[in-house]
Number of protein chains: 2
Amino acid sequence: MPIKVALVEDNIDYRTGTSLVLRHSTQCLMVGTYEKAEDLISEFDEILPDVVLMDIGLPGMNGVEASRQLKNCYPNVQIVILSVFEDDENVFKAICAGASGYLKKPVMPERLVGAVEDAYSGGTPMSPKIARKVLDMFKSFAPTARKDYSLSEREKEVLKLLVDGDDYKIIAEKLFISVHTVRAHIRSIYDKLHVHSKSQAVSKALREQIIHS
Amino acid sequence: MPIKVALVEDNIDYRTGTSLVLRHSTQCLMVGTYEKAEDLISEFDEILPDVVLMDIGLPGMNGVEASRQLKNCYPNVQIVILSVFEDDENVFKAICAGASGYLKKPVMPERLVGAVEDAYSGGTPMSPKIARKVLDMFKSFAPTARKDYSLSEREKEVLKLLVDGDDYKIIAEKLFISVHTVRAHIRSIYDKLHVHSKSQAVSKALREQIIHS
DNA sequence: TAGTCAATAGCACAAATGGGGGATTTTTAT
DNA sequence: ATAAAAATCCCCCATTTGTGCTATTGACTA
């Protein structure tokens with residue numbers, strides 16, 4: 001059974017060219033080409049494509065917003081962005097909108113068919129430069145070399161509860177120890193983190209990912 | 001000028017096979033093949049490869065750790081992971097270690113040369129399934145739909161300072177208002193966030209990104 | 001024009017907190 | 001075996017905080 005593909009692209013030349021390439025593939029079945037995202041959305045129920053190739057710069061609704069709406073109504077559709085834009089902003093938004101592929105235009109014909117197959121089979125076709133951008137953003141989020149304040153296990157437990165908003169009493173109850181001990185742990189935590197209040201400790205714990213929320 | 005490539009791979013068959021493929025490419029120049037990452041690291045200064053193809057499952061130092069060390073000493077080297085592993089854990093660690101490519105073994109010969117070129121020219125070759133994993137992790141980090149607690153601008157200012165760990169007095173001084181007013185604002189903030197202490201407010205503000213740290 | 005809301009300011013008081021001293025026991029490492 | 005580190009518990013006390021009230025001003029709205 002061929003993969004049902006729809007295309008949204010406002011440039012007529014590019015639209016017919018891309019469409020032609022896909023029609024020549026035996027694995028793909030073009031079920032619709034559209035100039036505007038709104039047109040695809042209104043007809044979507046009738047054609048039910050497996051994969052949508054989506055431009056970003058469109059008249060009317062842009063491709064990112066269209067992707068968000070489509071993904072919202074039809075979570076199983078695979079959306080591959082085809083765009084000349086490769087700035088952080090667009091890439092980021094497209095991913096968050098649920099796109100599962102992002103290719104920089106122009107796309108080589110053979111790459112196009114491969115991308116549709118990739119997307120359909122659970123992969124994420126991406127131009128290498130775009131992938132690099134994603135990786136860079138990824139790194140900027142996650143794994144900033146975090147300092148080691150050498151908190152003991154117990155202290156981390158207490159800090160975790162502080163972050164949850166518990167007061168001394170509650171912490172004592174949850175850990176089956178006296179309030180005095182809780183105070184002692186918290187004092188030690190403050191020492192190690194160089195802070196002087198619960199809110200400072202909580203802030204530092206979350207910002208520096210000492211405690212994983 | 002050809003791209004200087006080094007390969008670290010413990011399996012002899014795979015090592016000779018991969019090496020052979022690259023030797024047949026005019027764009028690439030194999031400058032070293034290694035069974036252990038330690039061997040590459042100790043010889044690195046003499047051969048200075050542009051791109052390193054790195055296995056993960058190695059005897060001695062694993063490929064992720066080796067990548068971290070290489071990237072640390074030679075930030076310009078491009079490391080492409082070749083691995084049978086495609087679990088979140090390994091992919092995540094490899095990226096954080098500075099890998100700029102990740103291909104699932106076995107790799108098609110023509111893909112291999114393309115990957116080296118991609119990596120060398122600032123791209124990030126990735127198998128589509130791996131890319132999907134990265135995207136999923138990416139999404140899990142970034143953009144959770146945040147609630148609207150309809151804090152006023154002034155309240156957000158105060159909350160920001162709470163998150164910075166300031167106490168009532170300091171906040172009053174910074175905003176040129178009386179402590180009483182600060183208390184009033186904080187009361188209102190607590191109402192709207194449904195919390196009852198500074199630490200809870202700070203925690204909620206950071207976790208739900210009401211305040212952008 | 002009356003009503004709502006945000007921002008400002010105040011009073012009072014109990015509870016929670018932070019910091020200053022300790023001490024004892026258990027675990028860990030050398 | 002012995003020293004160091006972690007975990008436990010206790011006292012005191014000033015300060016900070018949370019929350020119950022009230023009240024004035026200005027800006028916007030129905």
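Please read all numbers here as calculations on a predicted model, not as lab measurements. Within every chain, numbering begins at 1; the chains are lettered A, B, ... in the order of the sequence lines, protein sequences first and strands thereafter.
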Reading nucleotides 25-30 of chain C 5' to 3', which nucleotides get B (base under 4.0 Å from a protein heavy atom), which S (sugar-phosphate only), which -?
------
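- Nucleotide dT15(D) holds its C1' atom 10 Å from the CG atom of Asp167(B), rounded to whole Å.
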Sort me out a list of protein N/O and nucleotides 20-25 of chain D N/O pairs below 3.5 Å, or just none if empty.
residue: dG20(D); atom: N7; partner: Arg187(B); partner atom: NH1; Å: 2.7
residue: dG20(D); atom: O6; partner: Arg187(B); partner atom: NH1; Å: 2.9
residue: dG20(D); atom: O6; partner: Arg187(B); partner atom: NH2; Å: 3.1
residue: dC21(D); atom: N4; partner: Arg187(B); partner atom: NH1; Å: 2.9
residue: dC21(D); atom: N4; partner: Arg187(B); partner atom: NH2; Å: 3.2

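- In this structure, a donor-acceptor pair under 3.5 Å is absent between the side chains of Ser19(A) and Arg15(A).
- Using modelled atom types, one side-chain atom of Gln200(B) and one backbone atom of His196(B) make a donor-acceptor pair closer than 3.5 Å.
- Every pair passing side-chain hydrogen bond (donor to acceptor under 3.5 Å, both in side chains) that includes a residue from residues 118-131 of chain A is listed here, sequence neighbours excluded: Thr124(A)-Arg132(B).
- Here dT17(D) presents its P atom at 10 Å from CD of Gln200(A), a figure rounded to the nearest Å.
- Annotation: of the two residues near DNA chain C, Lys169(A) and Ala184(B), the 5′-most nearest-nucleotide partner is Ala184(B).
- Rounded to whole angstrom, the span from the OH atom of Tyr168(B) across to the C1' atom of dA14(D) amounts to 17 Å.
- Shown here are the salt bridge (charged side-chain N to carboxylate O under 4.0 Å, His left out) partners of Lys169(B), two or more places apart in sequence or in another chain: there are none.
- By the side-chain contact (heavy atoms from CB on, under 4.5 Å) test, Val21(B) is found to be paired with Pro109(B), Leu112(B), Val113(B), residues two or more places apart in sequence or in another chain being considered.
- For the segment residues 171-180 of chain B, residues with any heavy atom less than 4.0 angstrom from an atom of DNA chain C are, sorted by number, Ile177(B), Ser178(B), His180(B).
- Nucleotides of DNA chain D nearest to Ser150(A) and Ile186(B) differ in position, and the one nearer the 5' end is that of Ser150(A).
- A sub-4.0 Å separation between OP1 or OP2 of dC9(D) and a side-chain N or O of Thr181(A) is present.
- With sequence neighbours excluded, the residues forming a side-chain contact (heavy atoms from CB on, under 4.5 Å) with Glu89(A) are Asp87(A), Lys93(A), listed by chain and number.
- With sequence neighbours excluded, the residues satisfying side-chain contact (heavy atoms from CB on, under 4.5 Å) with Thr181(B) are Ile177(B), Ser178(B), His185(B).
- For His185(A) and dA5(D), the NE2 to P distance is 17 Å, given to the nearest whole Å.
- Within the structure, every pair that satisfies the salt bridge (Lys or Arg N to Asp or Glu O under 4.0 Å) test and touches residues 192-203 of chain A, not counting sequence neighbours, is listed here: Glu155(A)-Lys192(A).
- Partners of Pro59(B) according to the side-chain contact (heavy atoms from CB on, under 4.5 Å) rule, which considers only residues two or more places apart in sequence or in another chain, are Asp10(B), Lys36(B).
- Sorted by first and then second residue, the ring-ring contact (aromatic ring centres under 6.0 Å, His included) pairs involving residues 37-75 of chain A (not counting sequence neighbours) are Phe44(A)-Tyr74(A).
- Taking atom CD of Glu153(B) as the reference point, atom P of dA27(D) lies 18 Å away to the nearest angstrom.
- As a whole-Å value, the separation of Leu151(B) CG from dC5(C) P is 16 Å.
- DNA chain C lies under 4.0 Å from no heavy atom of any residue of residues 188-197 of chain B.
- Taking atom CG of residue Leu161(A) and atom P of nucleotide dT17(C), one finds them 13 Å apart after rounding to whole Å.
- Remark: of the listed residues Asn90(A), Val80(A), Ile79(A), Asn90(A) is the sole one forming a side chain to side chain contact (heavy atoms under 4.5 Å, CB included) with Tyr102(A).
- A salt bridge does not link Glu157(A) to Lys160(A): none of the charged nitrogens lies less than 4.0 Å from a carboxylate oxygen.
- Val195(A) and Lys204(A) make their closest contact through CG1-CD, 4.0 Å (heavy atoms, listed as atom of the first residue, atom of the second, distance).
- Rounding to whole angstrom units, NZ of residue Lys198(B) and P of dT15(D) are separated by 16 Å.
- A donor-acceptor contact shorter than 3.5 Å links the side chain of Asp50(A) to the backbone of Lys4(A).
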